[in-house]
Amino acid sequence: MVRAAVDPLAPWLQEQLSISLVARTPVGGGCIHRAWCLQTSDGERLFAKTNRADQAPLLKAEAEGLRALVQAAPPDLRIPTPLALGLVGEEAVLVLPWLELARGSSGSPAWATFGANLARLHRRSLEPSPGSTADPPGFGWPRDNFIGASPQINGWKGSWGLFFRDCRLAPQISWLARRGRPLAGADRLLERLDGWLDGQEVEPCLVHGDLWSGNGALLSGGGASVFDPAVYRGDRETDLAMARLFGGFPEAFFQGYTDEWPLAEGWQARKELYNLYHLLNHANLFGGSYNKQAQEVLNALLGWM
């Protein structure tokens with residue numbers, strides 16, 4: 001525990017949010033940033049992430065993604081709105097509301113509602129933002145951000161197939177090859193990719209981008225939340241694909257989604273393609289068995305295309 005009397009966050013929080021910090025306690029969090037519970041003098045709790053100052057762009061991108069999700073989220077899907085973001089000495093800091101996550105609730109009927117609310121977020125994201133009549137400019141995002149600790153290449157493309165090829169798979173495949181771990185058949189996959197994906201109609205939904213079970217949960221007071229995003233505009237199926245990749249989301253979640261907004265035929269094959277991106281990213285970050293998994297998925301995809 002860090003006592004407020006010696007905590008450099010205390011004067012910064014007073015300036016930014018007009019709150020008095022009583023204590024800062026470490027809590028379990030992700031593998032990139034340090035996570036904290038901030039206890040305030042009025043008995044409230046806040047959540048904070050800190051890292052080295054040179055890691056501030058990751059926190060800035062996270063805050064931008066959260067704000068975008070807040071605009072599209074239906075009322076029962078709680079997105080933590082960033083409260084403060086900045087540098088405190090040599091630390092980058094992001095402050096968020098505290099979320100009380102529900103535990104041991106895999107059988108809860110609230111999972112179906114969670115899935116339905118994700119579908120509503122995807123659909124609502126296609127509506128013009130308040131004060132604007134403009135449609136989304138295409139697939140992508142105005143600036144690069146991050147997927148975990150890796151750069152996530154964005155920009156805009158008019159074709160979903162081109163975007164997923166050039167901004168998702170191609171950079172990861174190239175980075176893996178430069179690390180001395182090239183994938184056999186990768187060039188053939190990229191050559192066939194845009195034609196295969198553009199055979200379906202895809203709308204440029206705002207997607208969370210990194211929706212594994214560690215980045216979404218039911219809340220103890222009801223409702224659900226998603227957090228730690230890697231947002232962009234793309235195929236809504238990418239969120240559902242990753243939610244299946246590492247497990248943790250019960251089938252009721254997916255049923256709730258499809259009851260609200262059914263998926264197009266062929267989603268099972270596209271799921272494998274979309275999750276190849278995350279397997280490649282894990283191979284670049286961690287190596288190990290992820291290389292083998294990525295190669296196996298790539299081989300299977302070549303057989304289907």
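Heavy atoms only: backbone and side chains are in, while hydrogens, waters and symmetry mates are out.
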> Between Gly138 and Pro204, which heavy-atom pair has the shortest distance, and what is it?
Replying inline: O-CB, 3.3 Å
> Cluster question for you: counting only ILVMFWY and a side-chain heavy-atom cut-off of under 4.5 Å, with indirect links fine, are Leu245 and Val226 together?
Replying inline: yes
>> Quick check for you: to the nearest 0.5 Å, what is the distance between Asn291 atom CG and Arg181 atom CZ?
In response: 4.5 Å
Listing, residues 12-23 side-chain donor-acceptor contacts under 3.5 Å, not counting sequence neighbours, or none:
unit_1, atom_1, unit_2, atom_2, d
Gln14, OE1, Ser20, OG, 3.3

> In terms of side-chain geometry, is the basic nitrogen of Arg143 or Glu64 positioned less than 4.0 Å from the acidic oxygen of its partner?
Replying inline: yes
>> Give me the atom names and distance for the closest heavy-atom approach of Phe249 to Ala243.
In response: CD1-O, 3.5 Å
>> Once rounded to the nearest 0.5 Å, what's the spacing between atom CG of Asp187 and atom CD1 of Ile173?
In response: 8.0 Å
> Who else is in the cluster with Trp156 when I, L, V, M, F, W and Y are joined by side-chain contacts under 4.5 Å?
Replying inline: none
> Looking at residues at least two apart in the chain, or sitting in another chain, which of them share a ring pair (Phe, Tyr, Trp, His ring centres under 6.0 Å) with Tyr290?
Replying inline: His282
>> Using the side chain to side chain donor-acceptor pair (under 3.5 Å) criterion, which residues pair with Glu203? Sequence neighbours excluded.
In response: none
>> Do Leu240 and Leu118 have side chains that approach each other closer than 4.5 Å (heavy atoms only, starting at C-beta)?
In response: yes
> Does the pair Leu206 and Val231 meet the rule for a side chain to side chain contact (heavy atoms under 4.5 Å, CB included), with working shown?
Replying inline: CA-CA 7 Å; Leu206 178 69; Val231 300; 4.0 Å; yes
> Can Leu218 and Ser108 be said to form a side chain to side chain contact (heavy atoms under 4.5 Å, CB included), step by step?
Replying inline: CA-CA 9 Å; Leu218 300 183; Ser108 171; 3.9 Å; yes
>> Quick one, Asp235 with Cys205, criterion side chain to side chain contact (heavy atoms under 4.5 Å, CB included). Give me CA distance, side-chain angles, the key distance, then yes/no.
In response: CA-CA 6 Å; Asp235 188 348; Cys205 294; over 6 Å; no
> Under the side-chain contact (heavy atoms from CB on, under 4.5 Å) test, which residues partner Lys271, sequence neighbours left out?
Replying inline: Ala241, Arg244, Trp267, Asn275
>> Measuring centre to centre across the rings, with the benzene-like ring taken for any Trp, is Phe164 within less than 6.0 Å of Phe139?
In response: no
> Would one find more than 12 heavy atoms of other residues, nucleotides or ligands at under 6.0 Å from atom CD of Glu201?
Replying inline: no
> Could you go step by step and tell me if Trp160 and Leu197 meet the side chain to side chain contact (heavy atoms under 4.5 Å, CB included) rule?
Replying inline: CA-CA 7 Å; Trp160 167 240; Leu197 283 180; 3.8 Å; yes
> Would you say Leu58 and Phe146 make side-chain contact, with heavy atoms under 4.5 Å?
Replying inline: yes
> Once you round to the nearest 0.5 Å, how far does CZ of Arg24 lie from CG of Asp7?
Replying inline: 4.0 Å
>> Going by the rule side-chain contact (heavy atoms from CB on, under 4.5 Å), which residues pair with Ala53 if we only count those two or more places apart in sequence or in a different chain?
In response: Leu87
Sequence neighbours left out, cut at 3.5 Å: what donor-acceptor pairs do the side chains of residues 296-305 make with other protein atoms?
unit_1, atom_1, unit_2, atom_2, d
Glu296, OE2, Lys292, NZ, 2.6
Asn299, OD1, Gln295, NE2, 2.9
Asn299, ND2, Gln295, O, 3.3

> What pair of heavy atoms forms the shortest contact from Val95 to Val93, and how long is it?
Replying inline: CG2-CG1, 4.0 Å
With a 3.5 Å cut-off and sequence neighbours excluded, list the donor-acceptor pairs that the side chains of residues 73-83 form with protein atoms.
none

> Taking the six-membered ring of Trp141, is NZ or CZ of Arg233 closer than 6.0 Å to its centre and within 45° of its axis?
Replying inline: no
> Under the ring pair (Phe, Tyr, Trp, His ring centres under 6.0 Å) rule, what pairs show up with a residue in residues 188-221, not counting sequence neighbours?
Replying inline: none
>> Under a 3.5 Å threshold, yes or no: a donor from one side chain and an acceptor from the other, between Asn284 and Arg179?
In response: yes
> Would Val207 and Phe254 show up in the same hydrophobic cluster when neighbours are defined by side-chain heavy atoms closer than 4.5 Å?
Replying inline: yes
>> Per the salt bridge (charged side-chain N to carboxylate O under 4.0 Å, His left out) rule, what does the pair list look like for residues 43-54, sequence neighbours excluded?
In response: Arg45-Glu100, Lys49-Glu62, Lys49-Asp228, Arg52-Asp54
>> Hydrogens and angles aside, do Trp36 and Thr50 bring a side-chain donor and acceptor to less than 3.5 Å of each other?
In response: yes
> Leu263 and Trp261: same hydrophobic cluster, using ILVMFWY side-chain contacts below 4.5 Å?
Replying inline: yes
>> Holding to side-chain contact (heavy atoms from CB on, under 4.5 Å), I want the full list of residues that pass it with Gln152, two or more places apart in sequence or in another chain.
In response: Asn145, Ile147, Asn154, Arg168, Ala230, Tyr232, Tyr277
> How close do Phe227 and Leu66 get, heavy atom to heavy atom, and via which atoms?
Replying inline: CA-CD2, 4.1 Å
>> Minimum heavy-atom separation for Asp210 and Gly148, please, with both atom names.
In response: OD2-N, 4.2 Å
> What are the two closest non-hydrogen atoms of Ala63 and Leu85, and how far apart are they?
Replying inline: CB-CD2, 4.1 Å
> Hey, is Glu91 close enough to Arg34 for a salt bridge, meaning N to O under 4.0 Å?
Replying inline: no
>> Is there a path of hydrophobic side-chain contacts, each under 4.5 Å between heavy atoms, that joins Leu280 and Phe246?
In response: yes
>> Using side-chain heavy atoms (C-beta onward) and a distance below 4.5 Å, is Pro229 in contact with Asn215?
In response: no
> Are the side chains of Arg270 and Gln200 in touch, meaning some heavy atoms are under 4.5 Å apart?
Replying inline: yes
> Between Val70 and Leu99, is there a shared hydrophobic cluster once you connect ILVMFWY residues whose side-chain heavy atoms come closer than 4.5 Å?
Replying inline: no
>> Could you work out, with side-chain contact (heavy atoms from CB on, under 4.5 Å) as the rule, every residue matching Leu285, not counting sequence neighbours?
In response: Ala149, Ser150, Asn281
> Tell me, do Phe47 and Val27 make a side-chain contact under 4.5 Å, heavy atoms counted?
Replying inline: yes
>> With heavy-atom distances below 4.5 Å as the criterion, would you say the side chains of Leu273 and Leu169 are in contact?
In response: yes
> Are side-chain heavy atoms of Thr113 and Asn117 found at a separation under 4.5 Å?
Replying inline: yes
